[in-house]
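Structure record follows, encoded as structure tokens.
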Amino acid sequence: MRAAEEGARRAGSGAPRRHGRLYWALADGLVLAKRNLVQIPRIPELLVFATIQPVMFVLLFRYVFGGAIDVGGGTSYVNFLMAGIFVQTVAFGSVSTGIGLAEDLQRGLVDRFRSLPMAPSAVLTGRTVADLVRNAFTVAVMLAVGLLVGFRPEAGVAGWAAAIGLLLLLSFAFSWVGAAVGLLSRSVEAAQSAGFIWLFPLTFASSAFVPTDGMVAPLRVFANNQPFTKIVDAVRGFLLDQPVGSDGWIALAWCVGLLVVFVPLSISLYRRTTAR
């Protein structure tokens with residue numbers, strides 16, 4: 001029945017029949033991404049509060065803890081800090097993905113989407129793409145705040161392109177993780193709590209805010225080999241024009257690996273959840 005409806009919609013729209021399922025999955029996803037983005041001007045609090053938290057982290061670590069932390073190597077603490085703030089900002093943005101999906105499920109909005117001739121993955125793709133755009137804007141705001149408090153990046157064009165590309169890829173990958181968390185949660189409150197539980201250990205037990213050299217041995221081993229540290233070190237190296245070594249490729253591998261695992265997992269969870 002849905003296949004017939006989809007065919008009628010495609011034919012009625014005058015779209016060429018040569019387009020396959022992948023094309024329509026992407027097209028439907030972009031339509032829902034636009035639907036999520038147009039909510040921001042109507043509910044600006046969504047973007048304001050998403051921006052205030054990382055700004056508070058910048059000011060807190062820069063002026064409260066910055067004077068007590070020596071990162072060595074002739075690097076100022078604010079230059080060391082900002083890469084961690086950027087990575088933390090896009091990672092924490094994944095919580096919004098989970099909350100948004102949980103809210104749509106709770107309000108019955110997803111059931112309405114199911115009645116339409118659209119690709120099953122479009123709801124998830126639209127949400128993750130919209131959150132990618134929102135995270136890009138938030139990172140731009142964080143960069144402006146960082147420059148105001150003394151951040152002085154030394155990257156060239158290639159360094160900026162690599163850092164921004166890695167941050168956007170991380171944002172997209174973590175949004176799919178957040179989508180899986182949101183689909184596994186039964187309420188908005190549960191999605192919010194579950195979204196932060198796994199993020200806090202990865203964020204603070206890493207090189208995001210302090211060098212790992214001063215950590216106790218077991219924690220240092222964990223911190224040096226977990227994805228947050230690799231990604232932060234790669235972004236920091238790109239922005240400060242320092243040697244990145246293998247961190248860049250390892251960070252890229254982590255992001256791609258998360259997508260390979262969580263994209264099909266989230267789609268499977270979505271189908272299972274909406275089939276109830």
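One is the number of the first residue; the rest follow in order along the sequence.
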> Hey, mind stepping through Gln88 and Ile85 against side-chain contact (heavy atoms from CB on, under 4.5 Å) and telling me if it holds?
Replying inline: CA-CA 5 Å; Gln88 181 205 45; Ile85 292 293; 4.1 Å; yes

> Think Arg62 forms a cation-pi with Tyr77, using NZ or CZ under 6.0 Å from the six-ring centre and within 45 degrees of its axis?
Replying inline: no

>> Run the side-chain contact (heavy atoms from CB on, under 4.5 Å) test on Leu259 and Leu169 for me, step by step, so that the C-alpha distance in whole Å, both residues' side-chain angles and the decisive distance to 0.1 Å come before the verdict.
In response: CA-CA 9 Å; Leu259 286 171; Leu169 181 61; 3.8 Å; yes

> Heavy atoms, side chains only, cut-off 4.5 Å: are Phe86 and Leu239 in contact?
Replying inline: yes

> Judged by modelled atom types alone, do Asn224 and Thr212 share a side-chain donor-acceptor pair under 3.5 Å?
Replying inline: yes

> What class does the angle between the rings of Phe61 and Phe57 fall in, given that below 30° is parallel, 30 to 60° is tilted and above 60° is perpendicular?
Replying inline: parallel

> About how many Å separate CE of Met215 and OG of Ser207, when rounded to the nearest 0.5 Å?
Replying inline: 7.5 Å

> So Trp198 and Phe174, would you call those rings parallel, tilted or perpendicular, with 30° and 60° as cut-offs?
Replying inline: tilted

Can I get a per-line list of side-chain donor-acceptor pairs under 3.5 Å for residues 136-158, giving both atom names and the distance, sequence neighbours left out?
| unit_1 | atom_1 | unit_2 | atom_2 | d |
| --- | --- | --- | --- | --- |
| Thr138 | OG1 | Arg134 | O | 3.0 |
| Arg152 | NH1 | Leu147 | O | 2.9 |

>> Any non-hydrogen side-chain atom of Asp247 less than 4.5 Å from a side-chain atom of Val244?
In response: yes

> For Phe262, which residues count as a ring pair (Phe, Tyr, Trp, His ring centres under 6.0 Å) partner, sequence neighbours excluded?
Replying inline: none

>> Ignoring hydrogens and geometry beyond distance, is a side-chain donor-acceptor pair present between Ser96 and Asp131 at under 3.5 Å?
In response: no

> Linking Ile, Leu, Val, Met, Phe, Trp and Tyr by side-chain heavy atoms under 4.5 Å, what else ends up with Trp254?
Replying inline: Ile250

